[in-house]
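What follows is one structure encoded as structure tokens, with my remarks underneath.
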Amino acid sequence: MTEFGPDSTPDFPAAAFSRRLVRWYRRQKRALPWRETSDPYAILVSEVMLQQTTVATVLGYYARFLSRFPTVRDLAEAPEDELLAVWSGLGYYRRARNLQAAARVIMAQHAGRVPQTLEALMALPGIGRYTAGAIMSFAFNKPSPIVETNSARVLARLFCVRAPVKSPATVRQLWHIAEQILPPNNPREHNYALMELGSLACRPSQPDCVLCPVSEFCAAFKAGEQRLIPPADAPAARTRLRFVGVVPLNDGHVLVARIPQGEWHAGMFEFPKVPVPLTVSDVEARETAQQLLQSLGLRGNLVAFREFRYTVTRHSITLCAWMAMCRRPARPPGKALRWVPLDEAGKLPLGSAQRRVLAWVSNDQRPGGT
DNA sequence: AAGCCGTGGCG
DNA sequence: TCGCCAAGGCT
């Protein structure tokens, strides 16, 4: 075989490469909790959390999620609000809903056990080719290749693939390579090692080829092109948006609104807000806040103001938030609105920015706060 | 098949 | 402050 197959990697000494790579991995690997478990469900959870998300961020969620939803059944049966609240701050909230949908399919069609074939895994919502391959190799040590950000970069350099790594043709080529060089006897460590190499040494910028155990196999290194591969993407356009929001307070309660379908963070909660032009003056912003209060059927005083800046995908957002001391209306607010005790609001599913707003008002409302 | 979906850290 | 980056999948 080359040693495991011919084609685009005709002369590549795959077995020797993998042995060298895995030996390095065993010495250098980080201790990560999802590598310490053999529970396929826990590995599934970690892989979904890690999609487009840094290890450091996931470390703050992983154990808590598993202690709250220890089994496929617990997740399948969880109320959505509780699920989203646990996920709150992790981002890409569709992942949480897909993960629960996947858990329900696993209960209904696979007797509660994570399936062990690529086809069955890829049929689960939120699980694509990478995640399916990761579960196959990490959880079951079955020979499924993977291609994701790290390994794609490693493979592109290793074989000097100069085209953009995201183009469909390149993606196909990288999957082919990944399959060709995958050792049938040790797919788990091999795949882990490819990713770990990309993370620790074969980094996006400033690759540290001195640390690399397989530089002698690397076509880009030999050509001195490791810094040119893969080529940088064109910068993404950004838009700016501005909102005026109110945080109605009454007797230790805050008013929150369920975000409607079709908007960012749909189904989660936020403090009421409205879009305003980028150019509004402070006076106009204050008037907008007053009008917003009225439209909620509230009367109250705007007592404090603060701007929050955050990003949602490609949108740079400024939220001008007004704290409002209100009289609670006799009539209950609309169905999407809810008064909640301040100290329980944190248990709601909130986006990251809303969580910061909540921290602001909570701190202010505590005795002695300012 | 581009565009969408979140967030925090870092240079 | 700003742009880039990180264990993608879906439409």
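Hydrogens, waters and symmetry mates play no part in the numbers below; they use all other heavy atoms, side chains included. Naming convention: chains lettered A, B, ... in sequence-line order (proteins, then strands); numbering from 1 in each chain. A quick note: this is a predicted structure, and the numbers were derived from the prediction, not measured.
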Legend entry - Carboxylate-amine/guanidinium contact A:E307 A:R242, below 4.0 Å: yes
Legend entry - Salt-bridge criterion met for A:R20 and A:E216 (N-O under 4.0 Å): yes
May I have the distance from [X] (atom [atom1]) to [N] (atom [atom2]), rounded to whole angstrom?
{"X": "A:L99", "N": "C:dG9", "atom1": "CG", "atom2": "P", "result": "13 Å"}
{"X": "A:Y62", "N": "B:dT7", "atom1": "OH", "atom2": "P", "result": "23 Å"}
{"X": "A:R203", "N": "C:dA6", "atom1": "CZ", "atom2": "C1'", "result": "14 Å"}
{"X": "A:Y61", "N": "C:dA6", "atom1": "OH", "atom2": "C1'", "result": "15 Å"}
{"X": "A:R95", "N": "C:dA6", "atom1": "CZ", "atom2": "C1'", "result": "11 Å"}
{"X": "A:E148", "N": "C:dG9", "atom1": "CD", "atom2": "P", "result": "10 Å"}
{"X": "A:L90", "N": "C:dG8", "atom1": "CG", "atom2": "C1'", "result": "14 Å"}

Legend entry - Qualifying ring pair (Phe, Tyr, Trp, His ring centres under 6.0 Å) pairs, either residue in residues 201-247 of chain A, two or more places apart: A:F17-A:F217
Legend entry - Sequence neighbours excluded, every pair satisfying ring pair (Phe, Tyr, Trp, His ring centres under 6.0 Å) that has a member inside residues 111-155 of chain A: A:F138-A:Y192
Inset, instruction - Under the side chain to side chain donor-acceptor pair (under 3.5 Å) rule, collect the residues that match up with A:D81, sequence neighbours excluded. - result: A:R258
Regarding [X], tell me which of base, sugar-phosphate or nothing describes its non-hydrogen contacts under 4.0 Å with the strands shown.
{"X": "A:T53", "answer": "base"}
{"X": "A:V58", "answer": "nothing"}
{"X": "A:G198", "answer": "nothing"}

Review item, side-chain donor-acceptor pairs of residues 288-298 of chain A, under 3.5 Å, at least two apart:
{"residue": "A:T288", "atom": "OG1", "partner": "A:E284", "partner atom": "O", "Å": "2.8"}
{"residue": "A:S295", "atom": "OG", "partner": "A:L292", "partner atom": "O", "Å": "2.7"}

Any chance you could measure [X], atom [atom1], to [Y], atom [atom2], to the nearest 0.5 Å?
{"X": "A:K29", "Y": "A:E189", "atom1": "NZ", "atom2": "CD", "answer": "6.0 Å"}
{"X": "A:M323", "Y": "A:F271", "atom1": "CE", "atom2": "CZ", "answer": "10.0 Å"}
{"X": "A:T149", "Y": "A:K166", "atom1": "OG1", "atom2": "NZ", "answer": "7.5 Å"}

In chain order, what residues pass the salt bridge (Lys or Arg N to Asp or Glu O under 4.0 Å) check against [X], with sequence neighbours excluded?
{"X": "A:R286", "value": "none"}
{"X": "A:R19", "value": "none"}
{"X": "A:E82", "value": "A:R68"}

Inset, instruction - Please confirm whether the backbone N or O of A:P143 pairs with a side-chain atom of A:S137, one donor and one acceptor, at under 3.5 Å? - result: no
Legend entry - Contact residues, residues 267-281 of chain A to DNA chain C [heavy atom, < 4.0 Å]: none
Inset, instruction - Enumerate the residues from residues 43-51 of chain A whose closest heavy atom to DNA chain C is under 4.0 Å, giving them by residue number; use none for an empty result. - result: A:E47, A:L50, A:Q51
Inset, instruction - Could you give the distance separating C:dG9 and B:dG8 at their P atoms, to the nearest angstrom? - result: 23 Å
Legend entry - C:dC4 and B:dG3, which share atom name P, separated by this distance in whole Å: 16 Å
Could you go through nucleotides 2-5 of chain C and list every protein N or O atom that sits under 3.5 Å from one of its N or O atoms, giving the distance for each pair?
{"residue": "C:dC2", "atom": "OP1", "partner": "A:R240", "partner atom": "NH2", "Å": "3.4"}

Legend entry - Check: A:V22 and A:N186 side chains under 4.5 Å, non-hydrogen atoms: yes
Legend entry - Residue closer to the 5' end of DNA chain C, A:N98 versus A:L32 (nearest nucleotide): A:L32
Inset, instruction - Name every residue in residues 119-144 of chain A that has at least one heavy atom under 4.0 Å from any atom of DNA chain B, in order of residue number, or write none if there are no such residues. - result: none
Legend entry - A:F305 and A:C320: CA distance, side-chain angles, deciding distance, side-chain contact (heavy atoms from CB on, under 4.5 Å) verdict: CA-CA 7 Å; A:F305 167 82; A:C320 310; 3.6 Å; yes
Legend entry - Side-chain-base donor-acceptor pair under 3.5 Å for A:T311 and B:dG6: no
Inset, instruction - Considering non-hydrogen atoms only, spot the tightest contact between A:C326 and A:P248 and give its length. - result: SG-CB, 3.8 Å
Check the interface with nucleotides 1-5 of chain B: list each N/O to N/O pair with the protein under 3.5 Å, or write none.
{"residue": "B:dC5", "atom": "OP2", "partner": "A:W264", "partner atom": "NE1", "Å": "3.3"}

Inset, instruction - May I ask you to check whether A:Y61 and A:W87 place their ring centres under 6.0 Å from each other? - result: no
